[in-house]
Amino acid sequence: MYNESKVWVGVTDRGDKVSLLPKMANRHGLVAGATGTGKTVTLKVLAESFSDMGVPVFMADVKGDIAGLAVPGTDSENMQERIARFGLADAGFNYKGYPVTLWDIYGEKGVSLRTTISEIGPLLLARLMELNDLQSDILSIVFKIADDSNLLLIDTKDLKAMLNYVSEHNSEFEAQYGKMSPQSIAAIVRALVSLEVAGGDKFFGEPAVNIMDFFNFGDAGKGMINILDSSSLINNTKLYSTFLLYLLSELFERLPEVGDMDKPKMVFFFDEAHLLFKDAPKALLEKIEQVVKLIRSKGVGIYFCTQNPKDIPDSVLAQLGNKIQHGLRAYTPADQKAVKAAAESYRANPDFDTYETILSLGTGEAVVSFLGEDGIPGIAEKTYILPPQCSFGAISESDRDRLIKSSICYSKYAEMIDPDSAYEFLERRGIEEAEALAKAKEEAEAEKQREKEEKEAEKQREKEEKEAARAAEKAEREALKKAEAEAKAAQREKDKAEAAKKRAAKSVGNTVTGTVGREVGKTVGKKFGKFGQTLGGNLGASLGRGIFATLFNK
């Protein structure tokens with residue numbers, strides 16, 4: 001409860017008020033205690049006080065009852081006893097709800113809360129996907145390649161496209177960025193798919209949350225209480241803790257230095273804080289320690305809420321100046337040692353034994369130590385925590401729906417958009433490369449076809465030339481043969497003519513010589529009579545022909 005310009009948390013056995021000074025609220029704090037000891041009520045009381053102070057708050061709602069801050073509490077006999085016991089009526093206690101904005105990574109029980117792959121960065125993303133050191137290094141290189149190529153990594157499909165692109169073009173990046181095993185890249189892709197199945201496809205996207213939307217105010221200047229519904233998210237502890245750490249990092253990087261202020265600019269409650277440090281690599285632990293140490297100068301107070309202080313690393317625990325320790329149970333020697341360590345972290349109070357008191361604290365009771373005006377931790381005080389002015393329990397579904405849709409952030413983040421980013425760029429590049437490859441292949445096929453056609457044409461020309469040569473040779477042979485045949489025919493005709501001429505000459509010669517011979521024979525034969533004349537004529541003819549034939553044959 002905000003009273004006398006202080007955060008009034010409870011009262012001691014003596015009736016003294018135990019309050020947190022606003023100017024010391026950004027020195028961080030711890031709210032610890034076993035299950036059922038009243039940590040949630042303490043968180044509500046703190047959140048109400050900061051809101052009344054005009055300081056925005058961000059807190060996670062793991063069990064679903066923190067959202068009751070939006071609804072006024074209800075009167076009861078038990079509440080009347082508490083009001084009278086603490087003297088709350090005179091302090092202006094009244095049942096009331098507070099300005100609340102409900103957020104939900106899954107967009108079901110609150111305004112959709114998203115970020116982008118680029119904004120969360122490779123370090124947190126590697127933890128979220130549970131990558132080993134080698135895979136984490138490769139993921140960082142892929143982010144570097146995307147930055148150097150001016151490619152936006154908005155959602156999981158952008159990162160998946162980028163990983164596949166780097167794997168396919170590994171040889172092109174090897175000289176500048178080093179060798180990246182395709183097997184390691186494939187393992188990162190598989191981890192990314194698992195993250196999508198766990199809800200990462202809803203967590204990563206646009207519009208990404210603007211942390212300045214956490215700095216809104218309600219009526220009368222009350223600080224807005226931003227509540228992240230984590231009833232489902234807590235089942236994925238890596239996603240839950242990584243996202244809250246991302247928000248802290250964003251606050252650290254985005255907010256300007258303000259130095260010491262009269263009150264914080266914002267207070268951040270990290271419920272189930274042990275999840276933040278569980279299995280965290282050394283680099284991440286160093287990052288957390290750096291943020292916790294330095295974010296105070298940005299005007300932000302961080303309050304870790306966990307069951308046991310031992311869940312917080314000593315380097316971080318040393319930065320938590322304001323402590324509220326609810327009851328712890330020591331069933332084992334290890335538990336007793338943890339309780340003793342918690343007790344020894346307080347300035348001793350001579351009125352009671354801190355160790356025994358922590359073991360015997362009831363519900364709604366705590367050992368409290370806040371920083372004083374001089375920044376020195378106060379002595380431990382056994383404190384009875386005030387009741388909240390809001391509802392103790394959860395809110396109805398109708399109230400939740402009303403809160404979600406009445407938020408000024410609802411319309412801004414309701415619909416996820418898919419901007420032109422790495423996936424679309426690489427898809428276009430892939431299409432262009434495929435088209436270029438198809439064109440090159442087509443040109444190569446065309447060139448091959450042209451070469452084939454040219455070879456076939458050359459073969460055809462050679463064939464035609466050979467056929468023409470053979471035809472010419474054949475024609476020449478045929479012409480020669482024909483000429484020879486014609487010469488032979490001419491010779492035959494000549495011989496034939498000569499023969500005919502000889503025969504004609506012979507016939508004429510026979511006729512002439514025969515006639516002459518016959519006449520000579522007759523003349524000679526007249527002397528011997530008619531018989532002699534005939535015989536002489538015949539002999540003369542034969543003799544004449546024979547002489548002619550002998551001369552002709554010569």
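This structure is a prediction, so every number in the text was calculated from the model and none was measured.
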Q: Tell me if a side-chain donor or acceptor on S315 pairs with a main-chain N or O of P313 at a distance below 3.5 Å.
A: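 Side chain of S315 to backbone of P313: no pair is present.
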
Q: Other residues, nucleotides and ligands only: do more than 12 of their heavy atoms fall within 6.0 Å of NZ on K337?
A: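 No.
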
Q: May I ask you to test the M129-L139 pair for a side-chain heavy-atom distance under 4.5 Å?
A: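 When only atoms from C-beta onward are counted, L139 and M129 do touch, with a gap below 4.5 Å.
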
Q: Ignoring hydrogens, what is the shortest heavy-atom contact between P99 and K222? Give both atom names and the distance.
A: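 Looking at all heavy atoms of both residues, the shortest contact is CG-CB, 3.9 Å.
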
Q: Would you please test T116 and S118 for side chain to side chain donor-acceptor pair (under 3.5 Å) and show each step?
A: CA-CA 5 Å; T116 66; S118 293; 5.0 Å; no

Q: Run the side-chain contact (heavy atoms from CB on, under 4.5 Å) check on D401 and E397 step by step: do they pass?
A: CA-CA 6 Å; D401 186 66; E397 290 302 315; over 6 Å; no

Q: So, D104 and R400, do they make that salt bridge, N to O below 4.0 Å?
A: no

Q: Examine distances only and state if a side-chain atom of E344 and a backbone atom of A341 form a donor-acceptor pair shorter than 3.5 Å.
A: no

Q: Looking at S391, is its backbone amide N or carbonyl O close enough to the side chain of K44 to form a donor-acceptor pair, meaning the two atoms are under 3.5 Å apart?
A: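 Confirmed, K44 side chain pairs with S391 backbone.
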
Q: Start with the C-alpha distance between F50 and L20, add both sets of side-chain angles, then the distance that settles side-chain contact (heavy atoms from CB on, under 4.5 Å), and finish with yes or no.
A: CA-CA 10 Å; F50 286 124; L20 171 64; 4.0 Å; yes

Q: Checking D213 against Y413: is there a side-chain donor and acceptor pair closer than 3.5 Å?
A: yes

Q: Measuring from atom CG of L426 to atom NZ of K160, what distance do you get when rounded to the nearest 0.5 angstrom?
A: 13.5 Å

Q: With no hydrogens and no angle check, is any side-chain donor or acceptor of N322 less than 3.5 Å from a backbone partner on L371?
A: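 Between the backbone of L371 and the side chain of N322 there is a qualifying donor-acceptor contact (under 3.5 Å).
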
Q: Just by modelled atom types, is the P419 backbone N or O under 3.5 Å from a matching donor or acceptor in the E206 side chain?
A: no

Q: Please examine the side chains of F268 and L244, heavy atoms only from C-beta on, and report whether any two atoms are closer than 4.5 Å.
A: yes

Q: Would you mind reporting whether H274 and Q307 have side-chain heavy atoms less than 4.5 Å apart?
A: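 They are not in side-chain contact.
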
Q: I want to check something: taking the side chain as every heavy atom from C-beta on, are L251 and K298 in contact at a cut-off of under 4.5 Å?
A: no

Q: Between F214 and W103, what is the ring plane arrangement, given parallel below 30°, perpendicular above 60°, and tilted in between?
A: perpendicular

Q: Over 60° means perpendicular and under 30° means parallel, so tell me whether H169 and F173 are parallel, tilted or perpendicular.
A: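 Rings of H169 and F173: perpendicular, as their planes differ by over 60°.
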
Q: Would the distance check show the side chain of E424 and the main-chain N or O of S421 forming a donor-acceptor pair, the cut-off being under 3.5 Å?
A: yes

Q: Sort out for me which residue in L153, I105, L125 forms a side-chain contact (heavy atoms from CB on, under 4.5 Å) with F204.
A: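 Exactly one pass, corresponding to L125.
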
Q: Using a cut-off of 6.0 Å, state whether more than 12 heavy atoms not belonging to D420 lie near its atom CG.
A: yes

Q: Do M266 and F58 have side-chain heavy atoms sitting under 4.5 Å apart?
A: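 Yes, their side chains come closer than 4.5 Å.
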
Q: Compare all side-chain heavy atoms of T306 with those of L30 and state whether any distance is below 4.5 angstrom.
A: yes

Q: Check the orientation of F270 and Y240. Use parallel for under 30°, tilted for 30 to 60°, and perpendicular for over 60°.
A: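 F270 vs Y240 ring planes: perpendicular.
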
Q: Would you call D147-K144 a salt bridge at under 4.0 Å N-O?
A: no

Q: Check whether any side-chain N or O of S406 sits under 3.5 Å from a backbone N or O of L403 as a donor-acceptor pair, and report yes or no.
A: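 Here the side-chain-to-backbone pair exists.
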
Q: Does D148 form a side chain to side chain donor-acceptor pair (under 3.5 Å) with Y177? I'd like the steps, not just the answer.
A: CA-CA 11 Å; D148 292 346; Y177 300 98; 2.7 Å; yes

Q: First locate atom CG of L163, then atom CE of M180, and finally report the distance between them rounded to the nearest 0.5 Å.
A: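 Interatomic distance, L163 CG to M180 CE, rounded to 0.5 Å: 10.0 Å.
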
Q: I'd like to check F269 versus L46 (side-chain heavy atoms, cut-off strictly below 4.5 Å). Are they in contact?
A: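 In short, these two side chains touch, coming nearer than 4.5 Å.
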
Q: Which residue in the set T115, L233, I117, L113 passes side-chain contact (heavy atoms from CB on, under 4.5 Å) when paired with F203?
A: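 Among T115, L233, I117, L113, the one meeting side-chain contact (heavy atoms from CB on, under 4.5 Å) with F203 is T115.
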
Q: Does S140 form a side chain to side chain donor-acceptor pair (under 3.5 Å) with D137? I'd like the steps, not just the answer.
A: CA-CA 5 Å; S140 297; D137 291 342; 5.4 Å; no

Q: Is there a donor-acceptor contact under 3.5 Å from the side chain of S51 to the main chain of G223?
A: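 At least one qualifying donor-acceptor pair exists.
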
Q: Between V9 and I385, is a side-chain contact (heavy atoms from CB on, under 4.5 Å) present by the stated rule, with each step listed?
A: CA-CA 6 Å; V9 173; I385 306 298; 3.7 Å; yes

Q: Within this structure, what is the OG-NZ distance for the pair S407 and K412, rounded to the nearest 0.5 Å?
A: 10.5 Å

Q: Is any side-chain N of the basic residue among E447 and R450 closer than 4.0 Å to the acidic one's carboxylate O?
A: yes

Q: Can you check side-chain contact (heavy atoms from CB on, under 4.5 Å) on I234 and L275, steps first, answer last?
A: CA-CA 10 Å; I234 197 64; L275 298 176; 3.5 Å; yes

Q: Keeping the roles fixed (side chain from S345, backbone from A342), state whether a donor-acceptor pair exists under 3.5 Å.
A: yes

Q: K278 and T237: side chain to side chain donor-acceptor pair (under 3.5 Å), yes or no, with the steps?
A: CA-CA 9 Å; K278 183 180 179 181; T237 57; 5.8 Å; no

Q: Is any side-chain heavy atom of M59 less than 4.5 Å from a side-chain heavy atom of I225?
A: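 They are in side-chain contact.
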
Q: Okay, side chain of N308, backbone of D311: is any donor-acceptor separation there less than 3.5 Å?
A: no

